[in-house]
Amino acid sequence: MQAPDRDAVTIGFLPEATSMPVLVTPDGPGVDLPGWLRSNRDAVEERLLRHGAVLFRGFHSGSVEKFEQAASAVCGTLFREYGDLPREGESERVYKSTPYPEDLSILFHNESSHLPQWPMRQFFSCVVAPHTGGQTPIVDCRTVLDRMRPELVELFATKKLRYVRNFIEGVDVSWSRFFGTDDPAEVERTCAEEGTSFEWTPDGGLRTSRQAEAVLSHPATGEAVFFNQLALHHPSSLDPETRSSLLEICGDQGMPRNVFWGDGTVIDDAVVAEVGDLMDRESVAFTWQEGDILVIDNMLVAHSRSPFTGPRKIVVALGDMTGGSAPSASSV
């Protein structure tokens, strides 16, 4: 009798999401996921470039340590200096998910697309599944661009975006945590090197302004992708009462996060709503199971978060950092 193959897996799709993510499950107990990933890294990469996302399910229970081992098998070097997310426990390479009210949605975005460098690979793992909701919907950024009105595509490709951020203690992450230093001179050097405009505010805060592409060409596939944090940074993402209060207190330039057209002019709410509706229509979502690991190509796929009830622990890792060398797609 032939012994079972301890490295055997089944590859397919979820019943509720037949185009992505690709679903990989073990054929039996004892499959070593990090070992399988090291042996099949090229095959995983090929599926990521074609489909944008791969979900590994059923290999182990929820575990930060096992997640880090699996993510490291895909990306030998995971990013250790991400200032926008709090670290998970003692790990230097795994982060908690974004702290945000559980009854609200986090809108679609590509991680760090407003910054000079971003991860090509982003990993999520479910350590504790929520009672209800809490999905991490994903959407193919190639499809979004293909189905967007041509006039709107042209606007994003030519006008670009300008992200304005105010680091206000107690409202968002502090500038010291984001930049990893308490030295203002070091912050100024970093901003200058990155091409980010900055100014210190009278209350000791920091305001930064950075122009970025909204449409880029994927460095591996050459495909044009809608790559940005438009919905997440635009004031229309806030509930009306919070938005009104912040605008009255802070003004456009003083909002914790804001995004304008690249020339500094205001982006109409209707534009953001149109894009958001399109991304919602084209998105797919699945219910988290403890131990799930989702890997996405961060330029091909944007992600969001649904409201939830009960305890929810999703941890995050980032890898294959890239940045300024990525080509724009202004000719789409």
Side-chain angles (χ1 to χ4, degrees), residues 7-28 31-64 66-79 93-95 97 108-111 118-127 129 134-144 218-221 223 225 227 282-305 314-322:
D7 289 328
V9 303
T10 295
I11 299 175
F13 294 95
L14 293 163
E16 68 269 35
T18 56
S19 60
M20 73 166 181
V22 174
L23 175 66
V24 181
T25 56
D27 285 349
V31 176
D32 173 31
L33 179 57
W36 186 88
L37 287 168
R38 284 189 289 269
S39 299
N40 294 273
R41 187 179 294 172
D42 289 346
V44 172
E45 180 71 10
E46 187 274 332
R47 284 179 168 83
L48 279 170
L49 292 178
R50 187 192 310 172
H51 299 281
V54 179
L55 174 65
F56 298 93
R57 170 168 286 177
F59 289 90
H60 54 73
S61 59
S63 166
V64 174
K66 292 182 183 298
F67 168 59
E68 186 169 350
Q69 292 170 356
S72 298
V74 177
C75 291
T77 302
L78 298 177
F79 191 50
R93 307 189 300 173
V94 177
Y95 300 88
S97 54
F108 278 109
H109 61 285
N110 304 89
E111 198 70 29
W118 56 83
M120 290 298 297
R121 298 285 168 263
Q122 185 165 12
F123 305 83
F124 306 83
S125 185
C126 179
V127 179
Q135 298 92 343
T136 301
I138 52 179
V139 65
D140 191 313
C141 298
R142 297 164 292 192
T143 302
V144 171
H218 191 282
T221 71
E223 296 166 293
V225 293
F227 180 75
E282 299 299 332
S283 67
V284 297
F286 60 89
T287 299
W288 280 114
Q289 295 182 14
E290 291 182 5
D292 281 355
I293 294 177
L294 176 68
V295 188
I296 66 171
D297 183 302
N298 183 45
M299 289 190 69
L300 295 179
V301 169
H303 67 279
S304 61
R305 192 211 71 187
I314 306 295
V315 292
V316 178
L318 313 167
D320 288 350
M321 302 301 290
T322 189

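Any value given below was found using the heavy atoms of this structure, including those in side chains, with hydrogens, waters and symmetry copies removed.
Proximity of Glu290 to Val127: side-chain heavy atoms (C-beta onward) are nowhere separated by under 4.5 Å. Annotation: side chain of Val139 is not in contact with side chain of Val301 (no heavy-atom distance under 4.5 Å). Within the 4.5 Å cutoff, the side chain of Ile293 has no heavy atoms near those of the Leu55 side chain. With contacts defined as side-chain heavy-atom distances shorter than 4.5 Å, the pair Phe124/Phe67 does not qualify. Counting heavy atoms from C-beta outward, Val315 and Tyr95 have side chains that stay 4.5 Å or more apart. Taking 4.5 Å as the limit, some side-chain heavy atom of Phe286 sits within range of a side-chain heavy atom of Leu294. Here the side chains of Thr322 and Asp320 are not in contact, with every heavy-atom distance at 4.5 Å or above.
In this structure, Arg142 CZ and Glu223 CD are separated by 4.5 Å, a value rounded to the nearest 0.5 Å. Taken to the nearest 0.5 Å, the CD atom of Glu282 stands 13.0 Å off from the CD1 atom of Ile138. Atom CG in Leu49 sits 7.0 Å away from atom OG1 in Thr221 (nearest 0.5 Å). Atom-to-atom distance recorded for Phe79:CZ and Met321:CE is 4.0 Å, nearest 0.5 angstrom. Taking SG from Cys75 and CE from Met120, the interatomic distance works out to 10.0 Å, rounded to the nearest 0.5 Å. Considering CG of Asn40 and CD1 of Ile11, their distance stands at 7.5 Å, rounded to 0.5 Å.
Among residues two or more places apart in sequence or in another chain, the side-chain contact (heavy atoms from CB on, under 4.5 Å) test is passed with Val44 by Trp36, Leu37, Leu48, Phe56. Legend: residues meeting side chain to side chain donor-acceptor pair (under 3.5 Å) with Asp297, ordered by chain and number and at least two apart, are Arg121, His218. Listed by chain and number, the residues in a ring pair (Phe, Tyr, Trp, His ring centres under 6.0 Å) with Phe108 amount to none (sequence neighbours excluded). Remark: Phe123 engages no residue in a ring pair (Phe, Tyr, Trp, His ring centres under 6.0 Å) (not counting sequence neighbours).
Ser97 contributes a side-chain N or O that, together with a main-chain N or O of Ile314, makes up a donor-acceptor pair within less than 3.5 Å. One N or O on the side chain of His109 and one on the backbone of His303 form a donor-acceptor pair closer than 3.5 Å. The main-chain N or O of Asn298 is found under 3.5 Å from a side-chain atom of Asn110 such that the two form a donor-acceptor pair.
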Any chance you could lay out the side chain to side chain contact (heavy atoms under 4.5 Å, CB included) test for Leu318 and Leu78, step after step, and finish with the verdict? CA-CA 6 Å; Leu318 313 167; Leu78 298 177; over 6 Å; no
Worked check of side chain to side chain contact (heavy atoms under 4.5 Å, CB included) between Met299 and Trp118: CA-CA 9 Å; Met299 289 190 69; Trp118 56 83; 3.5 Å; yes
Working note: Ser72 + Arg93, criterion side chain to side chain donor-acceptor pair (under 3.5 Å); need CA distance, chi angles, decisive distance, verdict. CA-CA 9 Å; Ser72 298; Arg93 307 189 300 173; 2.8 Å; yes
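Note on residues 48-61: pairs passing salt bridge (Lys or Arg N to Asp or Glu O under 4.0 Å), not counting sequence neighbours, are Glu46-Arg50, Arg57-Asp292.
Residues Ala73 and Pro34 come closest through the heavy atom pair CB-O, 3.5 Å. Minimum interatomic distance between Ala302 and Cys141 (heavy atoms only, all atoms of both residues): N-SG, 3.5 Å.
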May I have the list of side-chain donor-acceptor pairs in residues 12-24 shorter than 3.5 Å, sequence neighbours left out?
none

